[in-house]
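Bear in mind that the values here come from a model prediction, so they are computed numbers and not experimental data.
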Amino acid sequence: MSNDENVGEKLTAPPDFDGPTSNRRMTDVLCTLLLLGMWISMTGLGIYGMQNGDYRLILYPLDYDGNVCGTDKGDIDMTDYPYLYYVNDYSGGVCVRECPKLEGLADPYTLVTYDGLFHVNGSFVTEEDIDMADYSTSNNTLDCTESLCYPDGNPESSYNSFGVMQGNGFAYYALDTYQVFWRCVFTDEGTEKLNPIVNPNGDRFKEDVIDMATQNENIKEGYDVWHNLFGDMWTSRFFILALGFGAPIVVGFFYTFMLRVPGVLPIMVWFSVFATIGIVFAGAWYAGDQATKWKTADPITQTESEINIATYSSYALYAVGGLLVLLFLFMRKRIQLAMGCVKEASKAILKMPLIIMFPVLQGLGFMVFMIAWTVYAVNIASMGEFSTNVFAAGNLQITVRSFEFSDFVKKCGWYMLFCFFWSGQFILALGEIIFAMAVAKWYFAREKSKIGSLTVISSITTSMWYHSGTAAFGSLIIAIIKMIRSFIAYLQKKADEMDSSIAKAILCCCQCMFFCLEKCMKFINKNAYIQTAIFGSSFCTSAKESFFLILRNAARVGAITYVSGGVVFVGKVFICTLTTGISYFALDHYLRDELYSLIGPLVFIAFISWFIAGMFMSIYDMGIATILQCFVADEEMFSSDQMYAEGSLKTWVDNHGEK
């Protein structure tokens, strides 16, 4: 490509260039200071929220009467009763001093009600075992009597009574519990002991107790499915953790190794090329065949416009297929180069296995931020005006909490959202610079035997010290775009409430435009980070240089995007599928007799492995993009006999020479 001013000047090698520059300076320091200032101001807001709000209003449970357990918010002071004991499936419950621990696990002859404990003959739980708040001053108490809650002194009749209503009434049995976020959750042992006594037939949702319009056999089956699913998940939890998180990494390395085997990558890439063309032509033939059948049918059942649409779609798809054939013929050299980049990226990752673990460090960093951010956000949200709303549910009333926020609290909420976006994108951006620097050091090393996991560690320290500002700059742009999209989403919600079709259409177009802008900026940012990793330049300089570098090599970038996209997608599918297959045989061999079904654990393992595969392949994708930029920079800065390119890339240069 000519040295045209419209596409920028070709790169020139700095004096004594020997890989990513070691003579670096701190870049975009102002953005680093802005980021630190944002974190300091966020902390200040969080402290203000702690002093003026009360996180308990958000996190502590709400009882059936509208009182917040553990606080004095409500008609009854519950400061000494911070835990909620559930009385029904609608989350209605009563505040207790401690979650009860019962030696007998379950007492079917003692009921916890909206107005204290109700005992019948045979009960052993006392008020000391379940220290419940005094609801005698409440206007919403419901009292148990034998006819309402325990007819005939029979536990099974009690279970189907109006008061208990199979867990949907205002009373339930005394059970052993454990505490989760100030909620008393029934233990499995207690439930297993109770069920044979009060519900020996395993009946749920009896028609004579609960309205048939809302409770039917499908709900019963749904309850059973979820109950069995959670049981299977708990039984296989160690297998899920080991296979879901460990196996995908091992399989990912295996996939990376397989891409280096001669013949594997070309088969994968060219198969996807021919499959793409074949699908387009198959769609064209099918549309034309359908149009012909509709036109010759007797009688004709399709409208003329439908027949015309099918016919023109067929012509359009044939045209697209022809263009794809020409495009792939034109791009064949670039596709070969793309495959070379993929192979070199595989070598780099296998040479620096520690790079795979860096996303774990990113995750830990994000977790630390999220802990602080959540504490601040909850306290700020609790500064709103607290109130409760009551809704009818069957024969009961359900109380839920609500907040009214002042303009100041709303502005704080928007600012906290901005802090979340900027910090999250900063962590991702810094990771991309580190990945790019490690891969660039590998590419520009004459003696690659000296490259290893220590290269990753040096890239981490160098990037964090010198280029945090560049990561802050790029992530700030993305955060601003995300804030604009969030505000548009807020306006879209308001437009829905107003039922304004024109406003909804305009806002939808705006949302689409900023979505595309975000995607474009992420692409520009990624390539700018690679330039920063190689040359140590600031964000604006790197963005400009990378933009013109891509412009001068548009065909190559298109080819690498196509090939890497296919390789990344196939890799995710391969890792997820093989991990799930291995998990099936492991679970079938070791836990078959202990599980209700293998489907639940396998689906969960597949979900985790898809997430881990995405993390693994995102590193791979960044590695491929870095190799491409390194190669193009290498080609522009040096003659063919001085280039750093090796392996498949060197072969490509020797065979083709020109771009």
If I compare all heavy atoms of [X] with all of [Y], which pair ends up nearest, and what's the gap?
X	Y	value
Thr579	Ala247	CG2-CB, 3.8 Å
Met437	Ser463	CE-OG, 3.4 Å
Ile534	Arg24	O-NH2, 3.9 Å

### Centroid-centroid under 6.0 Å between Phe418 and Trp422 rings
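Centroid distance Phe418-Trp422: below 6.0 Å, so yes.
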
### Task
Examine distances only and state if a side-chain atom of Trp373 and a backbone atom of Met416 form a donor-acceptor pair shorter than 3.5 Å.
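Yes, Trp373 side chain to Met416 backbone: donor-acceptor pair under 3.5 Å.
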
### Task
Mind checking ring pair (Phe, Tyr, Trp, His ring centres under 6.0 Å) for Tyr48 and listing every partner two or more places apart, or none if nothing turns up?
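For Tyr48 the ring pair (Phe, Tyr, Trp, His ring centres under 6.0 Å) partners, ignoring immediate neighbours, are Phe408.
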
Do the side chains of [Y] and [X] get nearer than 4.5 Å, heavy atoms only?
X	Y	result
Phe444	Asp634	yes
Phe631	Met643	yes
Met622	Ile530	yes
Trp414	Leu417	yes

### Task
Measure the spacing between CD1 of Ile433 and CZ of Phe539 and express it to the nearest 0.5 Å.
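It comes to 9.5 Å.
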
Can you give me every donor-acceptor pair (side chain of residues 355-372, partner residue at least two apart or in another chain, under 3.5 Å) with its distance?
from: Gln362; atom 1: NE2; to: Ile427; atom 2: O; distance (Å): 2.9

### Task
Return each pair, listed once, that meets side chain to side chain donor-acceptor pair (under 3.5 Å) where at least one residue sits in residues 580-589; pairs must be two or more places apart or across chains.
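Qualifying pairs, neighbours excluded: Asp588-Arg592.
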
### Query
So among Ser537, Ser542, Ser546, Ser538, which one has a side-chain hydrogen bond (donor to acceptor under 3.5 Å, both in side chains) with Thr532?
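Single pass found, and it is Ser542.
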
#### Entry: Atom OH of Tyr415: over 12 foreign heavy atoms under 6.0 Å
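Buried by this count: over 12 neighbours within 6.0 Å.
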
### Query
Within a reach of under 6.0 Å around NZ of Lys544, are more than 12 heavy atoms found that belong to other residues, nucleotides or ligands?
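Atom NZ in Lys544 is not packed in, count stays at 12 or less.
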
### Query
Would you call the rings of Phe239 and Tyr590 parallel, tilted or perpendicular, where under 30° means parallel and over 60° means perpendicular?
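Ring orientation of Phe239 relative to Tyr590: tilted.
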
### Message
The test is side-chain contact (heavy atoms from CB on, under 4.5 Å); show your working for Ser236 and Phe604 and say whether it passes.
### Response
CA-CA 11 Å; Ser236 58; Phe604 200 69; over 6 Å; no

